[in-house]
Amino acid sequence: MIRHTFGDIPHWPQLPNQGTNEDMLNQYISPLVKLGLVTAMNGQKPFFDTARPDWFERLTDFYSSYLEIIESSGNLSLFSFPEDTAQGFYTFLENITEGIFAEAKFIKGQITGPLTLGLQITDQNKKSAYYSQELREIVVKSLALQARWQTTELSRLGKPVLIFIDEPGLYAYGQSTFITLNKNEITGEFNEIIDAIHSAGGIAGIHVCASTDWSIILDSQADILNFDAFGYFTSLTLYIDELKTFLKRGGILAWGLVPTSEKVLDLKVEDLMTIFEQSIDSLVQKGVPKERLLQQALITPSCGVGSCSVELAAKVYGLTLDVSLRLREKYGFLL
């Protein structure tokens, strides 16, 4: 499906319906489990056990490995995916090696965001790791090294690499139940992961599939902002100044025009083109340069399709391709 629809920018598929090993939490805590910082017991949700007697020894091992890698002498593969947590990734590598995506212009990978992972995983007392400075730092640094490893692996295939930080948890910022979340800290955490991607020669994007404070991303060092343009475009119009600055420095808007729900079954190419054009006009009326909006654009699904049926995913991917081709033909923008 990816080969026939997203040949320009193929991505490796996440397959959460394969089992719990493939979900966003388990996929990205594997290095922390290997290093003994996260306890993963059968039938129990993984957690940081800071009460274990050898916690500080494990913590020392983690930072020693981290520093060795930063100094270019460490084993980056320590922060790789185990094959049983990312079957789509390793199959994708095999397919590319066999030349299936030889015509690709870019290769795309993805990693979960620090806020999403930090809010999901807890310590032994059921407190979200994100609210502990010590544990939050471990989460961010682990994800940064995983992003660097993934960028390095995909770069070996000879194509420019995009790594998207998938951060659905960013919806929480500004909510009354998450009042302690700090905007500058979140942006700084994004930048640490983005720096890791850039250091390996990659291009960094951030994806959020809900409404949020978009300035957190627009003010970061992200190269691409991927947003749900079908359901949440209006929220972006509140950040016009930040958007202008983002586009002026070369940032790309990845328009999630195609919904990944049953709504897509009732949509046609013309419907989504109208939404795109009306959205462009809305931004232009607010002073955003139309030329930049059209030249610095990608068309994507609004979110992932890993949990969808094959039939629904095929509809989403096919419609995304059709809309992209029609808009490219009409306006000549990127992809």
Side-chain angles (χ1 to χ4, degrees), residues 2 6 8-15 21-22 24 26-35 37 61-114 116-117 137-167 189-207 220-224 226 252 254 298 304:
I2 294 169
F6 291 169
D8 284 340
I9 310 181
H11 67 90
W12 64 270
Q14 290 173 282
L15 306 169
N21 275 357
E22 297 265 356
M24 286 181 71
N26 288 314
Q27 207 160 55
Y28 295 103
I29 62 168
S30 297
L32 300 178
V33 173
K34 284 188 287 187
L35 288 164
L37 291 171
D61 289 343
F62 170 80
Y63 278 104
S64 295
S65 299
Y66 172 81
L67 291 173
E68 287 175 1
I69 292 169
I70 293 300
E71 294 167 359
S72 301
S73 60
N75 180 18
L76 187 57
S77 65
L78 181 63
F79 291 86
S80 63
F81 294 123
E83 291 199 30
D84 65 348
T85 68
Q87 297 175 61
F89 178 79
Y90 289 102
T91 302
F92 183 65
L93 286 181
E94 291 174 7
N95 287 340
I96 292 181
T97 302
E98 293 167 2
I100 288 178
F101 294 108
E103 302 303 316
K105 298 177 181 178
F106 299 87
I107 302 294
K108 178 188 174 289
Q110 54 275 334
I111 189 167
T112 194
T116 299
L117 185 60
E137 186 171 323
I138 293 170
V139 167
V140 173
K141 285 180 165 42
S142 173
L143 290 173
L145 292 184
Q146 290 182 70
R148 180 171 169 178
W149 171 81
Q150 190 179 150
T151 307
T152 301
E153 286 296 298
L154 295 176
S155 293
R156 292 193 295 106
L157 305 170
K159 306 284 185 178
V161 173
L162 312 177
I163 300 292
F164 277 32
I165 303 168
D166 292 335
E167 191 65 290
E189 290 152 9
F190 283 154
N191 285 341
E192 187 168 344
I193 298 173
I194 291 166
D195 284 344
I197 296 168
H198 287 167
S199 71
I203 301 165
I206 299 179
H207 165 71
S220 75
Q221 297 170 17
D223 305 298
I224 303 171
N226 184 206
I252 293 172
L298 293 168

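These figures come from a predicted structure and were not determined experimentally.
Residues meeting the side chain to side chain contact (heavy atoms under 4.5 Å, CB included) test with I224, sequence neighbours left out: L162, F164, I203, I252, A254, L298. Y63 meets the side chain to side chain donor-acceptor pair (under 3.5 Å) test with E137; sequence neighbours excluded. By the side chain to side chain contact (heavy atoms under 4.5 Å, CB included) test, P160 pairs with F106, sequence neighbours left out. Applying the side chain to side chain donor-acceptor pair (under 3.5 Å) test to K141 and every residue at least two apart in sequence or in another chain returns E192. Considering only residues two or more places apart in sequence or on other chains, F89 meets the ring-ring contact (aromatic ring centres under 6.0 Å, His included) condition with W12, F81, W149. Partners of H11 by ring-ring contact (aromatic ring centres under 6.0 Å, His included), not counting sequence neighbours, listed by chain and number: Y317. With sequence neighbours excluded, the residues satisfying side chain to side chain donor-acceptor pair (under 3.5 Å) with S77 are N75. In this view, T151 satisfies the side chain to side chain donor-acceptor pair (under 3.5 Å) rule with no residue, not counting sequence neighbours. By the ring-ring contact (aromatic ring centres under 6.0 Å, His included) test, F79 pairs with no residue at all, sequence neighbours left out. Annotation: salt bridge (Lys or Arg N to Asp or Glu O under 4.0 Å) contacts of E167 (sequence neighbours excluded): none.
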Practice task
Output, in order, the C-alpha distance, side-chain angles, deciding distance and verdict of side chain to side chain contact (heavy atoms under 4.5 Å, CB included) for D223 and H198.
Solution key: CA-CA 10 Å; D223 305 298; H198 287 167; 2.7 Å; yes
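For the pair N26 and T85, the minimum side-chain heavy-atom distance is 4.5 Å or more. The shortest distance between side-chain heavy atoms of P31 and L145 does not fall below 4.5 Å. Side-chain contact between N21 and Q87: absent, with no pair of heavy atoms (C-beta onward) separated by less than 4.5 Å. Within the 4.5 Å cutoff, no side-chain heavy atoms of I194 are placed close to those of I163.
We find the OG-CD1 distance between S199 and I70 to be 7.0 Å, quoted to the nearest 0.5 Å. The CD atom of E22 lies 8.5 Å from the CD atom of Q14; values are rounded to the nearest 0.5 Å. Atom CZ of residue F92 and atom CD1 of residue I107 lie 4.5 Å apart, to the nearest 0.5 angstrom. Atom CD1 in I138 sits 7.0 Å away from atom CG in L32 (nearest 0.5 Å). Residue E68 holds its CD atom at 12.0 Å from CG of L76, rounded to the nearest 0.5 Å. With rounding to the nearest 0.5 angstrom, the CZ atom of F101 is 12.5 Å from the CD1 atom of I9.
Screening residues 154-163 for side chain to side chain donor-acceptor pair (under 3.5 Å), with sequence neighbours left out, gives E153-R156. Among residues at least two apart or in separate chains, there is no side chain to side chain donor-acceptor pair (under 3.5 Å) pair with a member in residues 89-104.
Considering every non-hydrogen atom in both K34 and S80, the closest pair reads NZ-O, 3.9 Å. Nearest approach of T112 to M24, heavy atoms of both residues: OG1-CE, 2.9 Å. Nearest heavy atoms, I165 versus P114: CG2-CD, 4.3 Å. Looking at every heavy atom in both residues, D166 comes nearest to Q110 through OD2-CB, 3.5 Å. Counting all heavy atoms, side chain and backbone alike, L117 lies closest to I29 at CD1-CG2, 3.9 Å. A pairwise comparison of heavy atoms in A147 and I197 identifies CB-CG1, 3.7 Å as the closest pair.
Side chains of Q146 and S142: a donor on one and an acceptor on the other come within 3.5 Å.
Side chain of N191 to backbone of Q221: a donor-acceptor contact under 3.5 angstrom is found.
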